[in-house]
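Labels below follow one simple rule: chain letters A, B, ... track the order of the sequence lines, proteins then strands, and each chain is numbered from 1. Just the heavy atoms: all of them, side chains too, but no hydrogens, waters or symmetry mates, feed the values below.
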There are 4 protein chains.
Amino acid sequence: MKKTVVDINCDLGESFGVYNLGQDEELLGLISSANVACGFHAGDPHVMRKTVLLAKTSGVRLGAHPGLPDLIGFGRRAMQVSPSELKDMFTYQIGALKAFVEAAGMKLQHVIQHGILTKMAEEDATLGRAILESIQEVDREILYLTLEGSYLPQMAREMGIKIVRTAFADRAYDRKKRLVSRKTPGSVIHDLRQVEKRIEQLVNEGMITTIEGETLPLEFDSIMLHGDSPGALEIAKTVSGTLMRLGVQIKPMSQLV
Amino acid sequence: MKKTVVDINCDLGESFGVYNLGQDEELLGLISSANVACGFHAGDPHVMRKTVLLAKTSGVRLGAHPGLPDLIGFGRRAMQVSPSELKDMFTYQIGALKAFVEAAGMKLQHVIQHGILTKMAEEDATLGRAILESIQEVDREILYLTLEGSYLPQMAREMGIKIVRTAFADRAYDRKKRLVSRKTPGSVIHDLRQVEKRIEQLVNEGMITTIEGETLPLEFDSIMLHGDSPGALEIAKTVSGTLMRLGVQIKPMSQLV
Amino acid sequence: MKKTVVDINCDLGESFGVYNLGQDEELLGLISSANVACGFHAGDPHVMRKTVLLAKTSGVRLGAHPGLPDLIGFGRRAMQVSPSELKDMFTYQIGALKAFVEAAGMKLQHVIQHGILTKMAEEDATLGRAILESIQEVDREILYLTLEGSYLPQMAREMGIKIVRTAFADRAYDRKKRLVSRKTPGSVIHDLRQVEKRIEQLVNEGMITTIEGETLPLEFDSIMLHGDSPGALEIAKTVSGTLMRLGVQIKPMSQLV
Amino acid sequence: MKKTVVDINCDLGESFGVYNLGQDEELLGLISSANVACGFHAGDPHVMRKTVLLAKTSGVRLGAHPGLPDLIGFGRRAMQVSPSELKDMFTYQIGALKAFVEAAGMKLQHVIQHGILTKMAEEDATLGRAILESIQEVDREILYLTLEGSYLPQMAREMGIKIVRTAFADRAYDRKKRLVSRKTPGSVIHDLRQVEKRIEQLVNEGMITTIEGETLPLEFDSIMLHGDSPGALEIAKTVSGTLMRLGVQIKPMSQLV
C-alpha cells in the first residue's frame with residue numbers, strides 16, 4: 001500500500017565555534033525532523049540554540065543526536081565505554097538539547113545516536129540498552145529513530161519506547177536489510193535518477209532492492225538525508241521533490257506514529 | 001525575630017573522571033541543598049549522576065552550579081563571554097543536570113553560578129540578566145540562590161524569579177554586605193568558636209558584624225558551606241551543630257520560600 | 001630606500017578534525033612563512049603534521065601560533081591568565097609544533113601569539129614578558145614576529161630575542177601605528193587597488209598613510225595576509241603579485257634578519 | 001649474575017588544574033626516572049612544568065608518558081585510532097614535554113605509552129610501529145621504556161631505538177612473561193614481604209616466579225612503581241629500601257644502557 005505521509009530527517013547543528021559544517025539553512029526547507037548534535041562530537045551551546053530556533057522557524061521538529069566525547073574524531077572513532085558511562089553521556093546530552101528545545105516552546109521529539117555508536121550499539125546489546133534506558137529516563141514520550149537490521153527496534157518496543165524506522169535513499173542495503181559499508185563499491189548512491197527510483201519503490205511498494213539484487217520489504221516512516229557530503233543538497237532536493245511529485249505529505253515523525 | 005528554619009547549601013559533585021575533589025559523602029549528611037557542578041568547570045556526566053543519587057538518598061535537594069568552560073582553571077579565571085554566549089552555556093548546563101535530577105524522580109530546585117561568574121555578573125548587568133534569562137527559560141519554578149550586596153536579587157525579583165538569599169558563616173562581610181576578598185587578611189574565618197557566634201548572631205538577631213566592626217541586618221534563608229578547603233568539614237559540622245543546638249530546623253530552600 | 005626582499009606570512013593550519021578552515025593550499029603558493037595553530041584555539045596534531053609537510057613542499061618556513069585554550073572562541077575571547085600560566089601554555093604549544101617541524105627536517109623559524117593575546121600582551125607587560133620568556137627558553141634562535149605600536153619589539157630586543165616586524169596591507173593604521181579596530185569603518189581594506197597602492201608605498205617609500213591621513217614611516221620585514229575572510233585569496237594574490245611586479249624578492253623572514 | 005645498578009621509574013605529573021593525583025613529592029625521593037603525563041589523559045602545562053622542575057631538584061630524569069585524548073577516562077578506555085593519528089598524538093605530546101625538559105636545561109630521557117595504549121600496541125603492530133616512529137622522529141637518542149612479553153622490544157631494536165626493559169615487583173607475571181590482568185585474583189601484590197622477595201629474586205638471580213609457579217629468567221633495567229594506588233608509597237619504599245639493602249645502586253636508565 002502506498003505511503004501517503006513520510007518524515008524526512010537529517011543531521012543538523014554540526015558546526016562548532018567558528019567552524020561551519022553542513023548546509024543547515026538549505027536543508028531546513030526540505031526536511032521535517034532534525035537530528036541535532038549535542039556538543040560531544042559536534043555542536044556547541046550557541047550552535048544548538050541557533051539550530052533549534054532555525055528549525056522552529058522552518059516548522060521542523062527536533063531530536064537529540066548524542067555522540068561520543070571526541071570532537072577531533074567527530075564521534076566516528078569507537079571508544080571502549082561502559083553501559084553506565086554511555087547512559088550518563090546520553091542523559092547529559094539529551095537533557096542539554098531538551099532545555100533549548102523547551103526554551104523555544106517546543107517539545108523534544110526524538111533521539112538517535114550518532115556515528116560509530118550505531119555500530120557499537122548494534123554489536124553490544126548492553127550499550128543499546130543503555131541508550132534506550134537514557135531515552136526512557138529523560139522522557140517516556142521521546143521517539144527512538146532507528147534502522148532495521150538489528151535487535152534495537154525490538155528491544156525499544158519491549159521497553160515501551162515508541163520507535164520510528166528510518167530508511168536511506170542514497171545508501172545500498174544488503175539482504176539482511178543492513179546498510180552496506182561505505183568502503184564497499186556501490187554502497188553510496190550518487191546518481192539522482194537512482195535515488196528517485198528508490199524513493200518511488202519505497203513509497204509505492206514498500207520495497208527496497210538490495211546490493212545483491214533481491215527485492216525485499218522495508219518498513220519505514222522517515223527518510224534520512226545527509227548534509228555534509230558533496231552533492232548532499234542535490235540528493236536532498238531529489239528526495240523531497242520526488243516525494244512531493246508522488247503526492248506524499250512530508251510531516252514530522254511524531255505525527256506519523 | 002529568631003529564625004526557626006534554615007537551609008544549608010554546599011557545592012558538590014566537583015570530582016572529574018579519576019580525580020576526586022571534596023568530601024561529598026560527609027557533607028551530604030550535614031546539608032539540605034547541593035549546588036552540583038555541570039561539566040564545564042568541574043564534574044562529568046558520571047559524577048553528576050552519582051551526586052544526584054547520593055543527594056536523593058540523603059534527602060538533599062539539588063541545584064545546578066554552572067560555570068565557565070575552563071576545567072584547568074576550575075571556572076575561576078574570568079573569560080570575555082557575551083551575554084548570549086553565557087545564556088547558552090547556562091541553558092546547556094542546567095538542562096543537562098535537570099535531566100539527571102528528573103531521571104531520579106526529583107525536581108531541580110535551584111541555580112547558582114560558579115566561581116568568577118559571580119563577580120563577572122555583579123559587575124556587568126548584561127551578564128547577570130543572561131544568567132537569569134537562562135534560569136527562567138529552562139523552568140520558571142527554579143529558585144535563584146544569590147547573595148546580598150548586588151543588583152542581582154532585585155533584578156531576579158523583577159523578572160519574576162523566586163530568590164533565596166545565602167549567607168556565609170566563615171567569610172567576613174564589609175559594610176556594603178559584600179564578601180571581603182579572600183586576599184584580605186581576616187576574610188576567611190577559620191576559628192570554630194567565631195563561626196558558632198556568627199551563626200547565633202544570624203539566627204537569633206538576623207545581624208552580621210562586618211569586618212569594619214559594624215553590626216548590620218542581613219537577610220538570609222540559607223547558609224553556604226565550603227567543601228574543598230582544609231578544615232571545611234569541621235566548619236560544616238559546627239554550622240550544622242550550632243543550628244541544631246539553637247533548635248533551628250534544617251530544610252531545603254524550596255520549603256522556605 | 002626601496003625594499004628588495006620581503007617576507008609574506010599568514011596564519012595556517014586552523015582546521016580541526018573534520019572542520020576545514022582557511023585556504024591553506026592556495027595560500028602556500030603565495031607566502032614564505034606560515035603561522036601554524038598549535039591545538040589550543042585551533043589545529044590538532046594531525047592538522048599540524050599536514051600543514052608542516054605542505055609548507056615544506058612549498059618552500060614555506062614555519063612558525064608557531066600559540067593561542068588561549070578556547071576552541072569554541074577560537075582564541076578571540078580574553079581570559080584572565082597569569083603570566084606563569086601563559087608562559088607554560090606557550091612552551092607546551094611551541095614545543096609541540098617544534099617536534100613536527102624538526103621531524104620534517106626543518107627548524108622552527110618564529111613565534112607569534114594568536115588572536116586576543118596580542119591585545120592582552122600589549123596591555124599587560126607581565127603577559128608580554130611571559131610570551132617572550134617562553135620563546136627564549138624553548139630556543140634562543142626563534143624569531144618573534146611582532147607589530148609596531150607597543151613595547152613588545154623593544155622588550156624582545158632587550159631580552160636578546162631577534163624580532164621581525166610585520167605590516168598589513170589590508171588594515172588601516174592610526175597615527176600611533178596601531179591597527180585600527182575592526183569595528184571602525186574603514187579599518188579593513190577590501191579594495192584591491194588600494195591594497196596594491198599600500199604595498200607600493202610600503203616597499204618604495206617605507207611609509208604608510210594612516211586613517212587620519214598622515215603619512216608615517218613604518219619599518220617592516222614581512223607582510224601579513226589573512227586566510228579566513230571572504231576575498232582573502234584575492235588580497236593575497238594582489239599582495240604577492242604587486243611585490244613581484246615591483247621586483248621584490250619574497251623570502252622567509254629568517255633570511256632577512 | 002647479580003645486578004649492581006637498577007633504575008626505578010614511576011608515573012608522575014598526573015594532576016590536572018585544581019585536581020591533585022598521586023604523591024609526586026614523596027615518590028621523587030625514591031625513584032631515578034619519571035614518566036610524565038603530557039596533557040591528553042592527565043597533566044596540564046603548569047603541572048608539566050612543576051613536575052619537571054621538581055624532578056630536576058631531586059636528580060630524577062624525565063620521560064614522556066603520552067596517552068589517548070581522554071581526560072575523563074584517564075587514557076584507560078580503548079579508542080579506535082589509526083596509526084597516523086596515534087603517531088601525530090605522540091609527536092605532539094612528546095614535543096610538548098621535551099620543551100619543558102629542555103627549558104630546565106635537561107634532556108628528554110625516555111618515552112613510555114600510557115594506560116590502555118600498551119595493550120592496544122601489543123595487539124596491533126601498526127600502532128606499536130606508530131609509537132616507535134614518533135619516538136624516532138622526535139629524537140633518535142630517546143630511550144623506549146618497555147615490557148617483556150610482546151614484539152615491541154624487538155621491533156624497537158630493529159628500528160635502531162635503544163630500549164630499557166622495565167619489571168614490576170608488585171604485579172604477577174604469567175608464563176609468557178606478561179602481566180596478569182588486574183581482574184585476576186593475585187595479580188596485584190600488596191604484601192610488602194613478597195615485594196621484597198621478588199626484588200631479591202630479580203636482583204640476585206634475574207628470575208621471576210610466575211603466577212603458575214614456574215621460575216623464569218626476566219631481563220630488566222628498571223623497576224616500575226605505581227603512585228596512585230592505596231599503599232603505593234609503602235611498596236615504593238620497600239622496593240627502594242630493598243635495593244639499597246642489597247647494595248644495588250639506583251640510577252637513571254640512561255646511565256644503564
Under 3.5 Å, which donor-acceptor pairs link chain A and chain B? Put them in a table for me, please.
{"residue": "A:C38", "atom": "O", "partner": "B:Y92", "partner atom": "OH", "Å": "2.6"}
{"residue": "A:H46", "atom": "ND1", "partner": "B:D88", "partner atom": "OD2", "Å": "3.1"}
{"residue": "A:R49", "atom": "NE", "partner": "B:D88", "partner atom": "OD1", "Å": "2.7"}
{"residue": "A:R49", "atom": "NH1", "partner": "B:E137", "partner atom": "OE1", "Å": "2.9"}
{"residue": "A:R49", "atom": "NH1", "partner": "B:E137", "partner atom": "OE2", "Å": "2.9"}
{"residue": "A:R49", "atom": "NH2", "partner": "B:D88", "partner atom": "OD1", "Å": "3.0"}
{"residue": "A:R49", "atom": "NH2", "partner": "B:E137", "partner atom": "OE2", "Å": "2.8"}
{"residue": "A:D88", "atom": "OD1", "partner": "B:R49", "partner atom": "NE", "Å": "2.7"}
{"residue": "A:D88", "atom": "OD1", "partner": "B:R49", "partner atom": "NH2", "Å": "3.0"}
{"residue": "A:D88", "atom": "OD2", "partner": "B:H46", "partner atom": "ND1", "Å": "3.0"}
{"residue": "A:Y92", "atom": "OH", "partner": "B:C38", "partner atom": "O", "Å": "2.6"}
{"residue": "A:E137", "atom": "OE1", "partner": "B:R49", "partner atom": "NH1", "Å": "2.9"}
{"residue": "A:E137", "atom": "OE2", "partner": "B:R49", "partner atom": "NH1", "Å": "2.8"}
{"residue": "A:E137", "atom": "OE2", "partner": "B:R49", "partner atom": "NH2", "Å": "2.8"}

- Taking only residues two or more places apart in sequence or in another chain, which ones pass side chain to side chain contact (heavy atoms under 4.5 Å, CB included) with B:A34?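 Side chain to side chain contact (heavy atoms under 4.5 Å, CB included) check on B:A34 returns B:L12, B:I31, B:V36, B:V60, B:L62.
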- Contact winner vs chain A - B:A104, B:P69, B:G39, B:A99, heavy-atom pairs under 4.5 Å: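 The residue among B:A104, B:P69, B:G39, B:A99 with the greatest pair count is B:A99.
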